[in-house]
There are 2 protein chains.
Amino acid sequence: MPDHTRPPDKRVTIYDVAVEAAVSPSTVSRAFSRPSRVNSETAERIRQVAERLGYRTNPLARALTTSRTQMIALVIADITNPVYAEIVRGAQEAATDGEYTTVLIDAQESDRRERAAVERTMSTVDGIVLASSRMSDSAIRMFAKQRPVVVLNRAIADVPCVVTDNPRGVRRAAEHLGELGHDHITYVAGPQASWPNGIRWRSLLEAGMELEIKVRQIGPFSPTMDGGERAAQELCARPTTAVLAFNDQMAIGIIRGLSRMGVNVPGDVSVVGFDNILAADLVTPGLTTVAAPLYAEGSAATRHLLTMIAGAPGHTGRPMVLPVRLVVRQSTAARNPSPGRARPQWVGQRPASNPAAHLP
Amino acid sequence: MPDHTRPPDKRVTIYDVAVEAAVSPSTVSRAFSRPSRVNSETAERIRQVAERLGYRTNPLARALTTSRTQMIALVIADITNPVYAEIVRGAQEAATDGEYTTVLIDAQESDRRERAAVERTMSTVDGIVLASSRMSDSAIRMFAKQRPVVVLNRAIADVPCVVTDNPRGVRRAAEHLGELGHDHITYVAGPQASWPNGIRWRSLLEAGMELEIKVRQIGPFSPTMDGGERAAQELCARPTTAVLAFNDQMAIGIIRGLSRMGVNVPGDVSVVGFDNILAADLVTPGLTTVAAPLYAEGSAATRHLLTMIAGAPGHTGRPMVLPVRLVVRQSTAARNPSPGRARPQWVGQRPASNPAAHLP
DNA sequence: TTGAAAGCGCTAACAT
DNA sequence: ATGTTAGCGCTTTCAA
């Protein structure tokens, strides 16, 4: 039977080390300061004493005087969405490289929760990466005034931003559908508070103009498989031959919803998504989608944040734009000349996956 | 052009509020202490003054005196693995309810990284939930001596644990396969440092004994789709009719690997996974799998941790066991009497998804 | 290079 | 119910 009483946590302090090493506390402090300002034999001896005593510097106390916690916050819109996993990895790698710890915050697609969480965490971290924030521009600017902030997947004036090339991605998708004979594309919208949602629709509007493809929008729907299934119902009421969905999860939901109602993808309807999540390659038919360099997004945003924390000005001109590419799979096919009637899938006509080249 | 120089961050302190409200600093402190020990009109007035001045209590300074940061750490083995998303949600919900902030740490399937991260974070948090830790028992016990710790998906003596009913899950899977006529099951192992991996294999050994089904093990493989694809190759060299995989991601990899090599699932080989991730319902054929109450795991572990932080003894007797259920989809079928030859899939014979009842 | 002294912003005994 | 005093563990002037 283990004893259930917590030991009174006798912390070894700098003072204990100082006594043991027969130096002043400030000398001990210097031996542990970063960058190690002291390399003398004394410092080395102090470190050994500290090691022996099991001394660990208390980050809270240090932070109180330096106002540097060596932690950054990474806020993501929805941890359930697999896109963020890679972004988190990229961010964490960059943070670890800079000797920073990352505090992950899941906003659960809620403006309110996001604000509350950021407010609570703000004073505990040295900077914040906002990935796909659902907060208002003004709220974000307010936070940016108090701490270094980098925004991901969104462009806000006067705040450093990292975005992917949405216009280009949409354009490529529209071209692809156009080449397949579609003269009409329905955009299935995601959350209205999502910046990419807005720019994707506007980009489609523009691309449609240039390519002489008619476009329309339905939604908004929740950016999940469920949202996609609901969108599928609406699509049935107002048929199209080509769909561009806000993201892959919705696209997958759309494919499943349509299939259940007897509509063949890609026979009757072609579907394109965004993000190239793992599941896009798993569903049947495989999902044609616009892929973004997720890991690079997280890492670029974080690296930039660290330079700002270190005192750099923060790149607030144009946002940093990362390239995208179109990954063609089986969910898109030439337009069905006789819509509404099922037709055989073109087995073998399109490769299982397309190693589409990166953009320049 | 925004000014790039950070304002000197003039923090409003308790002292400023005290002066403005014409009371002593400690009175201000009390007005903000939790639980609010003061409800007098003075306290209300102080809060209004604070509001007006934009005062925010500094959690770092507070933590320095109270040694309570109101933060807990949640360590997960691999953020890329979708099982953890729901666990995180459950944990965060519970933490938020208790006015705690969750610091998420991704161990990236690495013992070393996990230790380093926990060591760095330990002194900053009031407690730790270790979900599927890859660290050694002794390392975990060491941490548990310094901070309240709850372990998820693993049983360690003298440390509070929350686990799912692995033996029961394996047993149900084995029974299911047995009923389908399989007299031989191959277990495809995951990481050796994973506790569920060990217990699943041992449980299968036991179930095989009782049900008179022969069992064997191959692996270990990485608990990812890639790992599953590699396992599929080995499975081809040593054929079976029934496979139980360490988790769903591996199971999906196995199905894809086998399909690519011309082996039909479930015609030639039945495959069962673990976890019931979303993708299990997405692949073709749908994956039969043992489902765990992910959200409940995260929430139960966290709630228990919070009681420990509040001073409760910590339930170190038997681990808390959460029920599982078998979700039957299309990846399992009656044993093929003429192995090696493709045979038609039994369309419509099995429902698309089975609303299997929860265990008692 | 080292030591002494003065806080960082807050809370927790004590008093009153 | 409020004020006074003394720190939490560390860093940082300023002197030596």
Side-chain angles (χ1 to χ4, degrees), chain A residues 8-47 49-50 53-71 120 122-126 146-147, chain B residues 8-47 49-50 53-71 99 120 122-126 146-147 311:
Chain A
D9 232 56
K10 29 179 122 170
R11 193 168 241 303
V12 181
T13 76
I14 254 189
Y15 194 75
D16 301 320
V17 178
V19 169
E20 189 75 12
V23 291
S24 76
S26 53
T27 308
V28 177
S29 171
R30 282 187 270 259
F32 283 97
S33 69
R34 314 165 355 87
S36 196
R37 290 197 292 240
V38 175
N39 252 329
S40 63
E41 48 184 45
T42 327
E44 194 43 51
R45 183 169 51 83
I46 290 173
R47 287 197 207 96
V49 171
L53 261 48
Y55 166 77
R56 320 236 51 187
T57 141
N58 180 338
L60 267 54
R62 170 174 282 178
L64 191 56
T65 49
T66 61
S67 56
R68 283 262 178 293
T69 59
Q70 297 296 118
M71 300 200 292
R120 243 186 304 132
M122 198 175 37
S123 54
T124 313
V125 298
D126 297 343
Q146 315 189 44
R147 284 272 181 286
Chain B
D9 232 59
K10 28 180 126 170
R11 194 168 239 304
V12 181
T13 77
I14 256 188
Y15 194 75
D16 302 321
V17 178
V19 169
E20 188 75 12
V23 290
S24 78
S26 56
T27 307
V28 178
S29 171
R30 280 188 271 261
F32 284 96
S33 70
R34 313 169 353 88
S36 195
R37 290 198 292 242
V38 174
N39 253 329
S40 63
E41 48 184 45
T42 327
E44 193 43 51
R45 183 169 51 86
I46 290 173
R47 286 196 208 94
V49 171
L53 261 48
Y55 166 75
R56 320 239 53 187
T57 144
N58 180 340
L60 268 54
R62 170 175 282 179
L64 191 56
T65 49
T66 60
S67 56
R68 284 259 178 295
T69 59
Q70 298 293 118
M71 298 201 294
E99 312 227 32
R120 243 185 305 132
M122 199 176 35
S123 55
T124 313
V125 298
D126 297 343
Q146 315 188 45
R147 282 273 182 284

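Convention: sequence-line order gives letters A, B, ...; per-chain numbering from 1.
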Query raised in the report: What is the minimum heavy-atom distance between Arg11(B) and Ser123(A), and which atoms define it?
Result: NH2-CB, 3.5 Å

Query raised in the report: So, for Ile46(A) and Ala31(A), which heavy atoms are closest and what is the spacing to 0.1 Å?
Result: CG2-CB, 4.0 Å

Check the distance between [N]'s [atom2] and [X]'s [atom1] and give it to me in whole angstrom.
X	N	atom1	atom2	answer
Arg30(A)	dA15(D)	CZ	P	15 Å
Arg45(B)	dT2(D)	CZ	P	8 Å
Leu60(A)	dG9(C)	CG	C1'	12 Å
Arg68(A)	dT12(D)	CZ	C1'	15 Å
Ile14(A)	dG7(D)	CD1	P	18 Å
Phe32(B)	dC10(C)	CZ	C1'	13 Å
Glu44(A)	dT1(C)	CD	P	15 Å
Ile46(B)	dC10(C)	CD1	P	13 Å

Report task. Assign Thr13(A) to base, sugar-phosphate, or nothing according to its heavy-atom contacts below 4.0 angstrom with the strands shown. Result -> sugar-phosphate

Requested in this report: With heavy atoms under 4.0 Å as the rule, sort Thr57(B) into base, sugar-phosphate or nothing.
Outcome: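 Sugar-phosphate contact only.
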
Query raised in the report: Nearest to the side chain of Leu64(B), which nucleotide is it out of dC8(D), dT2(C), dT2(D)?
Result: dC8(D)

Query raised in the report: In terms of side-chain heavy atoms of Thr65(A), which of dT13(D), dT2(D), dC8(C) is nearest?
Result: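 Minimum distance to the Thr65(A) side chain belongs to dC8(C).
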
Counting only side-chain N and O atoms of [X], is one of them less than 4.0 Å from OP1 or OP2 of [N]?
X	N	answer
Tyr15(A)	dG7(D)	no
Thr27(A)	dG3(C)	yes
Thr66(B)	dC10(C)	no
Ser26(B)	dG3(D)	no

Query - Residue list, side-chain contact (heavy atoms from CB on, under 4.5 Å) with Arg45(B), at least two apart or on another chain - result: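 side-chain contact (heavy atoms from CB on, under 4.5 Å) check on Arg45(B) returns Ala21(B), Val23(B), Thr42(B).
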
Query raised in the report: Is there a donor-acceptor pair under 3.5 Å between the side chain of Gln70(B) and the backbone N or O of Glu99(B)?
Result: yes

Query raised in the report: From Asp126(A) CG over to Thr69(A) OG1, what is the distance, rounded to the nearest 0.5 angstrom?
Result: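 Atom-to-atom, Asp126(A):CG and Thr69(A):OG1 are 3.5 Å apart.
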
Query raised in the report: What distance do Leu53(B) atom CG and Glu20(B) atom CD have between them, rounded to the nearest 0.5 Å?
Result: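 Answer for the CG-CD pair, Leu53(B) versus Glu20(B), is 5.0 Å.
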
Report task. Report the end-to-end axis angle of the helix from dT1(C)-dA16(D) to dT16(C)-dA1(D); each axis comes from five terminal pairs, and the value is rounded to 10°. Result -> 30°

Report summary line: DNA chain D nearest-nucleotide lookup for Ala61(B) and Ser24(B): closer to the 5′ end is Ser24(B)

Requested in this report: Assess whether side chain to side chain contact (heavy atoms under 4.5 Å, CB included) is satisfied between Asp16(B) and Thr13(B), documenting all intermediate values.
Outcome: CA-CA 5 Å; Asp16(B) 302 321; Thr13(B) 77; 3.5 Å; yes

